[in-house]
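Only one structure is covered here, and it is reproduced in the block below.
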Amino acid sequence: MLKWWQTIKVHWSNTLVYRVNFLLMVVGPVLVFFFVKVSLWYSIFEGNTEIRIGNYSLSDMLTYHLWTMIIMLISRSYNFGKLSEDIRLGRVSTYLIYPFSLWEFQATNFVSRLLIQIFIALFCLFILMTTFSQYFNNFEAINLAKGLLLAVVVSVFWFSLQYLIGLLTFWLEETWVIAVIAETAIQLLSGNMIPLDLFPEWAARLLDYTPFPYVTFVPVKMIMGSGGDLLTALGNLVFWILILNLIILFVWRKGLKLYTGAGM
Amino acid sequence: MITCQGLYKNFKTYQKEPGFAGTLKSFFKREYETKSAVKPFDIEIPEGEIVGLLGPNGAGKTTLIKMFTGIVVPSGGTVNIIGFNPAKRDRRYRKKIALVMGQKSQLWWDLPAMDSFQLLQRYYEIAERDFKKRVGELAELLDVQKLLNVHVRKLSLGERMKVELMSCLLHKPEVIFLDEPTIGLDLIAQRNIRQFIRDYHHRNHCTILLTSHYMADVEALCSRLVFILEGEKRFDGDITTFSNLLGSEKNVVFDFENSVEEHPLLIPFDPHWNDDHTRVELRIPHNRLKEVTVQILECLPVVEFNTEKLPIERVMKTVMENPALLESAQREN
């Protein structure tokens, strides 16, 4: 554990060197995305608070997207291109020699970022709750705790997925296009833009066989008090995380045979 | 200690014709080529020896080091280093080796070296007391006590190389792989690093495998030299035998009072002139040294001359131009 803790501290020190850059990377895209979604839904509702689309009034929709933003602030990883670049430029060689694996190094980096992101998310939540209190009427602290716990597990899902995409660099050299496509598709299919209960029923039923609803829709609904059973959601996420990590193990073993340790 | 038999590595690369048309063509149809980076390679290095791996760029030196350290998986052959197969990346093996890369920093660029050392202390599970003692000793040997708390990016290349070396030696490795440890350093820094490696080896009796483009590194540190050409081992033996490959020739440098034209007397001895033709370097067989020197002194306006052993760079250059020389040397060895 000491190895992990020391590495996390070094990651924090390193993050603090470029703190403004880090803060902008964490908060910037989420805020921009949030305002785009708010403008879009405001136009769809034509600013009318009486109209309902499905079960959502304009106010419900804005509350949904405020919680989506908090979930994203915690769960989204911001360095998916780094592993790919490190493999391509041969920087991972160091972690093939140290008695601390590349996965451990990347995982500590993820944990260090996650802890900072949780702090940022809670700070943003406090600001939002004091500024837009009208959108935070109907929630209970226990539901908030459940949703935030799910968000932390969702972040492990994102990390595993992005680590897997990064490892594809052993074959593809550049993986950022795949990472961007995967992220955009998952944001759409997880209910980040449109709540999944507004999807056609067949599509929503199909998505139940994937991990995507648990990435955004379920945690948000959990906070809003209608997300179902916490253990079912956790079980589903853990199942998909395990699947991803089994694939990671397979891809790592195969990919390493192709590694050339460039630049040395 | 280090043994490998028939160890080889092939890389698959694809060829792309230049220009946009080439890019388009390679998008639809790629022509792959398998390149043999290291051909079946055998070596045995006993414990405590320093061996120099010598060869031109692309000869396969670094690929060998990568296979020995477990960075690259060999395409075939066997390798055993202190009882481990490096390709398996056993943590116990990784704790016993170190790799110093002159062209690549392993330290955290934006942090002081001491932060990286503390991280390595945890990775290698070095006890606090041993760690402090080791940092103190190495910092003193390398004279870097004042640099440990300076951000790595603010260090000069020579200073950075010293702390890089320090970081690789904190865990007292049994086998050290040095890949171009003095590359890019000025002459004084090169000498300091060499001196340190020599002292360190003397104190710790570790096994060292060194690759370098600077022959001075190999001459100063290694008694045994392995010469690689196009992925193949072409010479493995005593450094003196390698130096004498071109026979018992002496390198003689003549300085002239003024510019001298090409002289028929000099032509048989492979003359190397300076730009203004006031200095020439000749390779003269030992048995004709006296006779030829007297003739040159009589015919040309010599102001100074000196004799030295043929530099190993010249030997290597000649050997690369005429690899057949190596076969006879290898037979003698």
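Just so we're clear, the structure is a prediction, and the values are computed from it rather than from any experiment. Letters A, B, ... mirror the listed sequences (proteins, then strands); counts begin at 1. Basis for what follows: all heavy atoms, side chains included, without hydrogens, waters or symmetry-related copies.
No donor-acceptor distance shorter than 3.5 angstrom exists from the side chain of Arg94(B) to the backbone of Ile97(A), with no hydrogens or angles considered. At distances below 3.5 Å, at least one donor-acceptor pair connects side-chain atoms of Arg91(B) with backbone N or O atoms of Pro99(A).
Highest contact tally toward chain B, considering only Thr94(A), Leu256(A), Thr7(A), Val10(A), is held by Val10(A) [criterion: heavy-atom pairs under 4.5 Å]. If you tally non-hydrogen atom pairs under 4.5 Å between each of Val92(A), Leu2(A), Leu96(A) and chain B, the highest count goes to Leu96(A).
Note that NZ of Lys257(A) is 11.0 Å distant from OG of Ser75(B), once rounded to the nearest 0.5 Å. With rounding to the nearest 0.5 angstrom, the CG atom of Leu119(B) is 8.0 Å from the CZ atom of Phe105(A). To the nearest 0.5 Å, atoms OG (Ser93(A)) and CD (Gln106(B)) are separated by 9.0 Å.
Gln121(B) does not touch chain A: none of its heavy atoms, backbone or side chain, sits under 4.5 Å away. When heavy atoms are compared at a cutoff of 4.5 Å, Lys12(B) does not approach chain A at all.
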Any chance you could lay out the side-chain contact (heavy atoms from CB on, under 4.5 Å) test for Glu125(B) and Lys3(A), step after step, and finish with the verdict?
CA-CA 8 Å; Glu125(B) 292 164 353; Lys3(A) 292 179 190 183; 3.4 Å; yes
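Applying the 6.0 Å contact sphere to CD of Glu230(B) captures no more than 12 heavy atoms from other residues, nucleotides or ligands.
Aromatic ring pairs are classed by plane angle as parallel below 30°, tilted from 30° to 60° and perpendicular above 60°; the pair Tyr123(B) and Phe100(A) is parallel.
When all heavy atoms of Ser13(A) and Leu111(B) are compared, the pair lying nearest together is CB-CD2, 3.6 Å.
Between His11(A) and Trp108(B) the shortest side-chain heavy-atom distance falls below 4.5 Å.
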